[in-house]
Structure formats: structure tokens, C-alpha cells
Visitor: 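One structure coming up, written as C-alpha cells, with questions to follow.
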Amino acid sequence: PTVKHDQQQQRQAVFLQIYPRLSQDKAACCTLQVSPGATAAMVIQKAGVTLGLDMTSPYALLEVRQAEGEERRLGDTEMPVERVLLWPPGARKRHPQEKGYYFILQAQGGEGALGSETDNGGVPSLEECDDLCSLSTLTEDTILAALRLRFYKHNIYTYARGILVAINPFKFLPIYNPKYVMMYNNQPLGKLSPHIFAVADVAYHTMLKQQENQCVVISGESGSGKTQSTNFLIHCLTALSQKGYSSGVKRTILGAGPVLEAFGNAKTAQNNNSSRFGKFIRVNYLESGVVRGAVVEKYLLEKCRLVFRAKNERNYHVFYYLLVGASKEEQREFSLLQPEDYTYLQQYFHLEDAEDLRHEFERLHQAMEMVGFLPSTKKQIFSMLSAILYLGNVTYTQSEDGQGLEAGPADVLSTLSDLLKVEESINQSIYLLCNHSINIFTRDSMAKSLYSSLFDWIVLHINHALLNRRDMEEAVSCLSIGILDIFGFEDFQTNSFEQFCINYANEKLQYYFNQHIFKLEQKEYQAEGISWSTIDYTDNLGCIHLISQKPTGLFHLLDEESNLPQATDDTLLDKFKQQHQDNPYFVPTTVMLPAFVIQHFAGKVKYQIKDFRKKNTDHMRPDIVALLRSSERAFMRQLIGSDPVAVFRWGILRATIRIIAAFNEAGSRRAVPGHHHLSVFSPHRKSKASKHKQLIPTNLMNSRSLKHIVGLTLHDRASRSLLHPHQRKKPPSISAQFQASLNKLLETVGKAEPFFIRCIRSNAEKKEMLFDNALVQQQLRYTGMLETVRIQKSGYNAKFTFTEFLEQFKVLLPKEATTAPEDIANLLQKIGLGQSTYQIGKTKVFLKEREKQHLQDTLNKEVMRHIIILQRWFRACLSRSHFLYKKDAAIRIQRCWRAFRADTRCRAATVIQAAWRGSQKRTDYLRKRNSIKKMQTLIRNKQGRNSYKGLMKGYQNRVSSLAEAKQQTEVQSVVNLFQSVLDGFIRGEIKRAEAGPVKVVLNRVRQTPLDHMFSTYQVNIMQSCDLCGSYIWGMEKAYMCSACKLICHKKCLSKIINACSTRCDDGVPGHLHFGVQVCVLTSKTYPIPMVVQMMLEHVEMNGLYTEGIYRKSGSACHARELHQLLETSKTATLTLNALHSQLPEQSEQLRAVYQKLDDLPPSNFNTLERLVFHLVRVAKEEEHNRMSANSLAIVFAPCILRSPDTTDPFLSMKDISKTTTCVEILILEQFRRYTEKMQEITELEFAEALAVNKLMLKRQNTVSTLHYSILELFQSINVLCTPVKVATALATANRHPTNKITNNCRYRFTL
């Protein structure tokens, strides 16, 4: 019976697979055969013997159920076989880790051991944290366990300080709704649970705070979720810049993603939506944080996927969207077939997701409309896609005569010719080559080039839709956040040239990551002299040099072999091996194997050398380019054009010619009798069913905007020289273009502050919520995640210079604190930071992220405390002020009332008495004064008339004696001139005497050092310096005073000790207003003579509407105007300066006048400016005062512009017309500017009033309690803003940027 029982148990034995999780190196798996009744203790003992463990130490057996996201410890008496029976059927017999159900053997106590048990006999949950840097023990196993635990709890995001680790669940999780955008808005990184929205929010607010560009670098291998992460980032970034999800540029940005995915993504063995091109999306913002526009840059589209793919992979999404989702009408229009009928799609035509493809086709239609594609444009694109598919169906058979090959079938060629709009005979003859393989290669090359050109065209028009017109019209500074979504590292069964370029890009990206995270960080620590232990990392610079370093890099060897006509792929491989046989990154292969192996940072990859040369120089033949350019379809010509701007301009010219020809033809037909309409336009009636609104884009393309876009993205466009029919210069290779665009990308990324997102692929089977330990650990290992977490944990994320620290945290520091390290250290110790959480270097303070956040919270609390104190004191002061005001008012009212009652009677009597006595005295005084003045007037008039007549008679006799016989007729004119001057002087002296004594103006301040006014002067002939005496040679530049004409070298300006001889002298009496220079009457306080200012203001206030205000009357020449206070020793000259000479031609008069005004001294210039402004105001009221600009110029020209005293008086009389013209030019020009500025002021006031009224109307429906306060607020704003706007507009008139003359003369108005 015992033997029989043993045999029964032997038949019922169960195999258990135990996976040890131990610190020492042991086997990856241990398979045990146990009986159904074996306990956990028995299984542990048996596993220990099998693995050779030291059984003196305690061990525990854990049951892992990844579906439930838990690890449960089995008790010693529990039976593992019973637990296995509860598992799914597929995991019972053999339970590998991939199934998600298995057992783990783990030590208790010590490194990586378990803690104390819980009440239910299980193990406590593993260490779970949002940040990997918070793990107590840092090993690859602990990082993997933490990520696995969070993954099965649907927490796919984890921080490593500032780096976000994202694990692709291959399942959409509901954590990307708008509420999450709002939840993470303006929250510091790490305060909430990890999320990709947190990274987007921090990047956005860091950009606004620091006013610096930011970028987000997303890396990971194919299938890790980079594209989806990019979409989430763009969604969040566009939502953060607005309160809601509105239309406009944000709508266009969101619509560009699905379009690019449809044409550039495909289903691969590792990813259902794999990006087969790299893209860098730069979202531009205004300084206020509003989205301004965006730019999309693409890199290396995988063209070979169009004609060949690996097993279980698809072509680009858009082909399946079109074939499955197109309507019957579209199928007929584009001549569409079933997917299995196309050669380019036959490698994978089993479509189990047809319904999803139809939905995606509708989504593509909507996205293309959001981007701005018209229905006609979409038809052109879909027609081109159909033509590309038909190209794959072209076959070649032996001709009947056996002399060559024939292209067919005929129906395919006919359809293809109809889609491309080329002649079928030409289309067929283009393929008649003897070599069948060359024909196939030419056909595929044509299809790939067409698709690549179509993709470039789509990217170009997306960028145009995202273009902001102000980027071309004004230099407004903008900020940007760039998002880099580049193809991930790939290692397929067959790797070719595309994988070689993709993996090189990932090498460069990994190098950039290492430089930023490891090398630059540790270099800064060492430079600051802080305590730091260097962390080693894997440097991949050697692999990059192997591929791209000149002259022996693989790319350069490939270019050399591509240029040799006799070279082959085998000779290329031989050259690779010969040059790099000793390179550790180049792994040698057997001689017969046509491949080479490179040791990348992510592992070894074998590349098949086949077609490397062809793919590096892949372009269409010139005859095919010429064929396509002969197409009747304008869209085809745009794709094949070598320069988009030139093609666009030729298209406009061609359309213009056709329009002219059509109208000419229509005109000719109309001239024929019987024709009464333009037959060129075929009339048609719209049916009720065809009322479809035509969508027209708001920003139509023009040559300027197209040229701007092409200039921005020139480096990422395929070389257009590949499509040139006559190539004089060999086009650059694909590898050269790729390296150039990649270098440009890294240069752009290097100018911004980066944020890193590491995407991890959870499993290779694309199963939902399945965590493959081996695959994830492999990715963590080759990306250096352990070293990254270590440096992030040990390093210091927050860095401040001493000055920045003092400025940001000065509220926490004492008032006398400086930038000394001691003051900073005292503060950090005061708030309780440990010595290991911060370090102070030579010029910077280094803090860990948690401590920095603690310091920021402390600062916020301190600031709030100060704010509360200020509010409390302000409220107390306000209440006390109100109380004192009311108290003082009551006391004043009481005192005034009492005083009024006591003094009313007394004051009334006193006022009456004083008034009566004053009236009596003043009456007597005025009577006596008037009698005396009459007597004085009679005596003085008698004397004055005799003296005046004698003076004029003597002057006339003297002039007559000096004049010749021919000049006797002009004697009377000279006498009249002298008489007018004398009359003006007499009137001025009379007014000066009546005005009384004038106060002496003290402290005269000169306008310029030593009163010289130097300007640059180019010497035409050799001269000498007035200061040093040395020569100033011809064509040299010197400095000349415009007043005294002193000339000297620039170096001699400091040697000047004499003041300008023509400027004011301090010895001139200051009580005179006539016969002195204007600078004597001005000062810093009064830049314009006070007497002039007072007179002009008086006239402007009282006399602008007086008719003939400045017209001379006949009484001016009467003798009674003569005043006895005439000072014969003084000369009455109210002149500003000798301003005019010979006027230039009419077209240059205005410029000449203003150039002369530039030479005026400041006091003369200011006085002239004020006077001309006054004359403009007078001329503005010509309707009332009858004073035009010409009339005012006639009156004031002799006063403003005067010939030198040494000039012959007769010649001066001939210059009167010229001086009048000068003044009239000034008045008319300033009148024009005055009118323009007043018009602008009127428009501003009208716009302001209109805006206020509209806002008031919009707010009429608000809460009634706020209505009156809002209305009063805007009324006060209207009152305050209007004078300010008037002053601003008048001040702007001084510096009008478009007026060259104004900039040259400094002439302006003073309000």
C-alpha cells in the first residue's frame, strides 16, 4: 500500500517554477517537482538545497499576481499547489513570468529583505514612492520593483527628481481630462502625483518666470509611447495658455497631430502607431503666455516602408484609412481597389480593425479641415495616394520581339496616367529599359520620391497654417517650448540603412542626455568646490565617432563609396571592416555574412549591408522628373518643383495669363451678334441639396509667407536638387542631409532649458497592463537609469548664485545681510535644513528639491505674515484717520459757528467804515493824478513832435546826399524802412517804461560746455587745428562749432579753455529785453523768454478770434507813438539768428530749412519753436481772424529772420520774399503735423469712448449691486486718461519715425 500511495503521489506531482530574488548571483529560475500536499516551508527547503543556499538564514516564499498588482507572502503551513489551482489555466502547468503568475524566493532581513509580517500572514506592500530618489535602497531590483508596483496600480508615471519615467500600458487610462490640466496648473513638480501634465505645466510656468525657451526631450525605444506622450504634452500646453479650449491657432496645433500621424506613422511589430519619422514641434508664446504660433520640423521619413516591410507590419496608416473609409463616390473618383489588390499592401492585407479604420478616416477629414485643407486640396492628396499605390502594380514583361521590356497592364497604366494627368504613351515609354531589376528600382524610387514630396508639402502647409503674420511684420519677442519626438531605438530581425540612421540619432540623443545629466552637472560641482563623489556613467562618444567622425566614419565611407560608379555593397562592407577592425564598437562578422554589427548603448545591432548605397543616393531619374513636370495637374507640379516659392510664383503668373486669355476670348465672343453673355463662365444653378458652404482659409498663402516658412524649415526638407531634371552639381546624400538636420536639431535643443521624459515599453507583445520584468530591466539598464537616479538623489536640483539667493529670499534674511556665504548658511540652519541637504560653493548655493520647496514654503508664509501685518496696520490707520477727520470736522463747525455769532456785528461795522474812507481818499487821488498827467502829455507831445520831425528830415537829407542819381527813386523806401524800425522801437520803450522795473535774472546756466556747439565736419581742403596747430588733411573728419566756427581734432576737444565768442556774456545787463541775445533771457527753469511766453499766452487766451490780430495799422507810423525813453545806445533787435541764405530748389526747401534749424542754439531754437506753434494756432482760426500762413509770414519774417548787420540794406530788402517763404514753409509744415496729431487724438478719444460704451452695455446684465460702482470707475478712467492720451499724442509728434525731416531737425511742439 505504501508503494502504491507513492506511485499515486508521483503521478499527481506538480512542477513549480521558483524565481529567486536574492543579492547573490543565482540561477534565474529553479524548477521543483512537489506533491500537492507540500507546504511552503518544504518548498523553501527544497529550493534552498537546489540553489545551494545557506539555510541558516530565513527565507520567504511570495506569490505574485501581476493582474491584481500584488505580492503575497505564503505562510509556512500554506500549500503552494493550492494557490496554483486558483490561477488561470494557462499559468498552472508552466507559469513563466510572462504569464504574470509565479513564485519568488526572497530572504528575510538584510539587504533587500522583507520587513515584519502583517496580521494576515502576508508581506507588507513593497516600498512605493512617487520619486525613485526616495527609495531607501538603490539597486536595479528595487527600481524595477517600485515601477512594477506602481504600474499594476495604474500609476504609469514616476519621477526621478526632474526626470519623468513613463511606462507604456498599451491601454488608454482616464487621467488626461481637462480637470487634470486644471489640477496640475501652477503646481510645483512633486507636490502632486507624477503626471506628464505636471512636466508641461512646470515647463510653461518656468518659461514665463525666467523668460527663457524650454524644451521637452522624449526618448525611448520603438513602442514605448513617445508619440502619445507628445500629443498629451501639446494638449496640455495649448490648454494652459487660455481659460477655455477655443479655436484659432490652438485648434490648428491640435489638428496637425492626427494629420502627421496618418501620413507618417505605421503599425510595426513593436508598436501599433509607430512614428516612422522624427519631429520637433516648437510652440511659440507671447511674453504674456498666449499661444502665438508653432513650427513643425520633420526628420528622415522612412520611405522604404512604402515598397517593403517586414512580416506582420503595415504600410502608412493613410492608405488603409483611404481604402477602407472612402465612400463609394470617392472610390470611383480615385479608382480605388481593395487593399489586397495592391502590390505595395499585399504583405499585410488582413484588416481585423476595419471599423476603427473608418473612424480614423473621418477623424483625418476633420483634422485636415482644422489645419486648413480645402475639400479640393484633400481630393488632390487622395488622388496622389491612389496613384502611388497604382505605381506598385506596374509590371514588366518581355516584349514580343524580345528586344526589351514592356510595361503593363494597360488598365493600370491608363488609370495611372489619368491620376497623374500625364500622357499614357510617355508614361509607358519611360520604363522601357532592358534590365528588369533596374525598372523595378526606378518604379519604387518614383513612388518613394512622390510620397516623400507629398509629406514635405503637407508639413509645409501645416507650418503655414500655424504661422503668425506678426512674425513677418514686426519684431515682437516671443518664447517657445519645443517637444522632441524622434524615432526610438530599433533592433529588428532585418536592420537596414533606416535603422542605422535611427539608431545613430538615438546615440546622439543619449549623448546629449549624458552631457546634461552627468558630465555638465558634475563639472559644475567640481568647479564650485563642493563635496562630491564622482558617479561613473557609460559614455557613448566612441560609438558616435565610429559612425560620423571624419574622415573614417561609417557615414563618410558610405558617401565615398556612393560616389564611385564601380563600387558595390560588398566593397563598402570591406572598407568598413578594413578601417574599423580594431574599434571596440565595431564587432567583426564572418566573411560570408553580408552584414556588420555595432555595439550601441542599447546593445548590439546587426545591419544588413544590402542596398546601403542605393538608399543613400535614392532619387528619381531626370527623365521621370521631366515627365511628372509635364503633368496637367498643378498639384503635381507643386510636389515636383525644386523651389516652392518659385513654383508658387509661376503658378500665379500662369493663372493670370489664363484669366487674361479667357476674358479676351469672352470679349471676342461677345462682340459677335447674338451673344449677350460671357460664355467662358458656364452658367449653372445651385440645387437645394447642394447648399454646401465653401470653406476658405483666413490666412491665404502668399510668396512672402511661403518664403518665410521655407527659410524656417529648410534643413528638414528633402534636398530639392534631387528633383531637378538637369543636375549640374551632385546632390547631397541622404546621410549627409540627415546629419545636417540632426545637428541643427541638437543646436536648437541646446539653446533651451530641457526637461526629460524616459518612455519604457512594458512588454513586447503589446498586451494591455502586462509588465515584462526582463524587458523593462533591459531598458532601464542601457539608459543608465540607476546611475541617473543616483546622481539625481545625490545631486542638487536647485541652484542659486549668491545674488539670486539674496534677491529671492531677502525677506527671510536680516536687513543687514549680504551675499556672504555665512549669512546664507545661518538662514538655512535657522529654518532647520540638515547639513547633508545643501552645500555652499564658491559662487552658488546648492539645494535638493525637497529642501528648496521647504525654503519656498517658508518664504511664502513669511510674506503672508508681513502682508497680514500691513493689512492690520493699514486698517487701523484708516479707521483712526476717519475718526480724527470726523472729530476735527465737528470741532471746526462748532468753533466757526461761535466765532461767526460773536464777530458778525463788529466785522460789519468795520467793513463799512473802511470802505467809505477808502472811497473818499481814492477819489481825491485820482482827480489830482489825471490833471497832472494831462499837463505832462501836452508838454511831451510838443517836444516829441519837433524832435521826431527833425530826425526824419535829417535822415532823409543824409540818404539823398549819399544816393546816386539812379538810386534817387529808392530813397523814400529806405526812409520808410527806417521810420518803421524807429516806430517799433519807440512803442517797445513805452511799454517797457509802463511795465516798471524788471527783476534781475541770476544764475545763468549755459546750455553746452563753454557754449560751443560742435558738429562733425569733413574737411575738403587741408586746414589747421585752432587748438594744437597741426594739419587737418583733406577728407579727414574734424569738429566745428556752428556758432564761432572753431575747428579742431576730436582729440583736442578736451583742450578747449575759451568760451564761444558769439554766445552770451555774463556782463550783459539782465534788465533789458531788447537789443540783447535770447540766451540772456532764458535759463533751465525758463527755456523760453518769460516775456515772450506771457505775451503769446495772453494772445492765445484772448485774441485768437480777433480779426486782423497781427495786421499793421496806419497809426503805427504816426509821430505820437514816439516815446521819450528811447535809449539811443541800444539797438532794437529781436532776432533769433541769421538763418537764411540762398534757398535751394522747391523740392529741397523744406529739408534745407530744417537743416538750418539744427544749427540754432538751444535757447533760440526753443523760442522759435514756441513762436511757430503760436502762429500755427493763429492760422488754425483763419476763418475768424483772417490771418493766413502767408499773412503771418509777412508780418513775422522781419522779426524772425534777419540779414547780418554788415549786409547792404538795399540787398536785405530784396531778401524779404525769401525770408517770408522760409517762415511760411515752417508754419505750413507744422500746421500739417498739428492737424494730423489732433486727428489722431480725436480718433483715440472716440475709440476710448466707444470701448467704454461697449463695455458698459455688456455689463448691464451683471449684478445690480456692482452696476453703479463699475460705471463710476470707467467715468473716472475716462476723465484721467483723455489728457494723458492728448499729451502722449503731442509728444509722439516730436519723434515720428517715418518722417526723416523731423528726425533731422529736432523740431517739435510743446504742449
Side-chain angles (χ1 to χ4, degrees), residues 230-231 233-235 237-239 241-242 245-265 277 279-286 290-299 301 318 362-382 384-385 453-474 476 478 480-483 485 634-635 638-639 641 644-645 647-649 651-652 693-714 716-717:
T230 302
N231 296 335
L233 283 172
I234 294 177
H235 169 80
L237 289 175
T238 53
S241 65
Q242 53 181 331
Y245 294 83
S246 63
S247 58
V249 66
K250 309 171 189 65
R251 185 171 179 265
T252 306
I253 294 175
L254 295 176
V259 176
L260 292 175
E261 287 185 17
F263 286 86
N265 290 23
F277 72 104
K279 62 177 178 288
F280 182 70
I281 303 175
R282 188 168 65 249
V283 184
N284 297 326
Y285 296 86
L286 294 175
V290 178
V291 173
R292 176 169 177 167
V295 177
V296 179
E297 302 175 12
K298 70 96 179 172
Y299 302 91
L301 178 69
V318 67
E362 296 177 359
R363 180 169 173 257
L364 176 62
H365 268 293
Q366 297 174 357
M368 295 178 77
E369 291 179 0
M370 292 170 63
V371 173
F373 288 133
L374 297 175
S376 59
T377 305
K378 290 190 291 185
K379 290 181 179 180
Q380 298 278 8
I381 294 174
F382 295 149
M384 184 58 58
L385 293 176
S453 299
L454 176 63
F455 191 77
D456 282 344
W457 186 90
I458 291 174
V459 173
L460 179 70
H461 282 255
I462 287 176
N463 281 325
H464 186 271
L466 297 173
L467 175 66
N468 192 302
R469 296 288 178 175
R470 289 181 294 178
D471 292 335
M472 302 181 297
E473 298 173 357
E474 58 186 29
V476 177
C478 65
S480 66
I481 298 179
I483 303 173
D485 174 23
F635 184 74
Q638 292 181 24
L639 297 184
V645 180
V647 172
F648 180 78
R649 290 174 177 172
I652 294 177
K693 184 178 180 181
Q694 177 71 18
L695 297 176
I696 300 179
T698 57
N699 52 345
L700 293 176
M701 181 176 292
N702 54 46
S703 59
R704 184 184 176 193
S705 61
L706 182 60
K707 186 176 181 180
H708 180 78
I709 289 298
V710 172
L712 288 178
T713 59
L714 183 62
D716 64 354
R717 291 177 55 83

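Computed from a prediction, not measured in an experiment: that's the story for all the values here.
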Visitor: About how many Å separate CZ of Arg363 and CE of Met370, when rounded to the nearest 0.5 Å?
Guide: 9.5 Å
Visitor: Taking the side chain as every heavy atom from C-beta outward, state whether Asn231 and Glu261 have any atom pair closer than 4.5 Å.
Guide: yes
Visitor: Please report the closest heavy-atom contact between Leu364 and Val259, naming both atoms and the distance.
Guide: CD1-CA, 4.1 Å
Visitor: For Lys378, check salt bridge (Lys or Arg N to Asp or Glu O under 4.0 Å) against everything at least two apart and list the hits.
Guide: Glu369
Visitor: Give, for atom CD1 of Ile458 and atom CE of Met368, the distance between the pair rounded to the nearest 0.5 Å.
Guide: 6.0 Å
Visitor: For the residue pair Val318 and Ile381, establish whether any side-chain heavy-atom pair is separated by less than 4.5 Å.
Guide: no
Visitor: Using 30° and 60° as the class limits, which term best fits the ring planes of Phe373 and His461: parallel, tilted or perpendicular?
Guide: tilted
Visitor: Compare all side-chain heavy atoms of Ile234 with those of Ile253 and state whether any distance is below 4.5 angstrom.
Guide: yes
Visitor: Would a 4.5 Å heavy-atom cut-off, applied to side chains only, mark Phe277 and Asn265 as touching?
Guide: yes
Visitor: Compare all side-chain heavy atoms of Phe263 with those of Leu385 and state whether any distance is below 4.5 angstrom.
Guide: yes
Visitor: Could you tell me which non-hydrogen atom of Asn284 sits nearest to which non-hydrogen atom of Ser480, and how far apart they are?
Guide: OD1-CB, 3.3 Å
Visitor: Looking at Ala367 and Pro258, what are the two nearest heavy atoms and their distance?
Guide: CB-CB, 3.8 Å
Visitor: Nearest 0.5 angstrom please: Ile462 CD1 to Leu467 CG, how far?
Guide: 14.0 Å
Visitor: Is the backbone of Val295 close enough, under 3.5 Å, to the side chain of Asn463 for a donor and an acceptor to pair up by distance?
Guide: no
Visitor: Is there side-chain contact between Leu260 and Lys298, with heavy atoms separated by less than 4.5 Å?
Guide: no
Visitor: What are the two closest heavy atoms between Ala465 and Thr252, and how far apart are they?
Guide: CB-CG2, 3.8 Å
Visitor: What is the distance from atom CD1 of Ile281 to atom CG of Leu233, rounded to the nearest 0.5 Å?
Guide: 9.5 Å
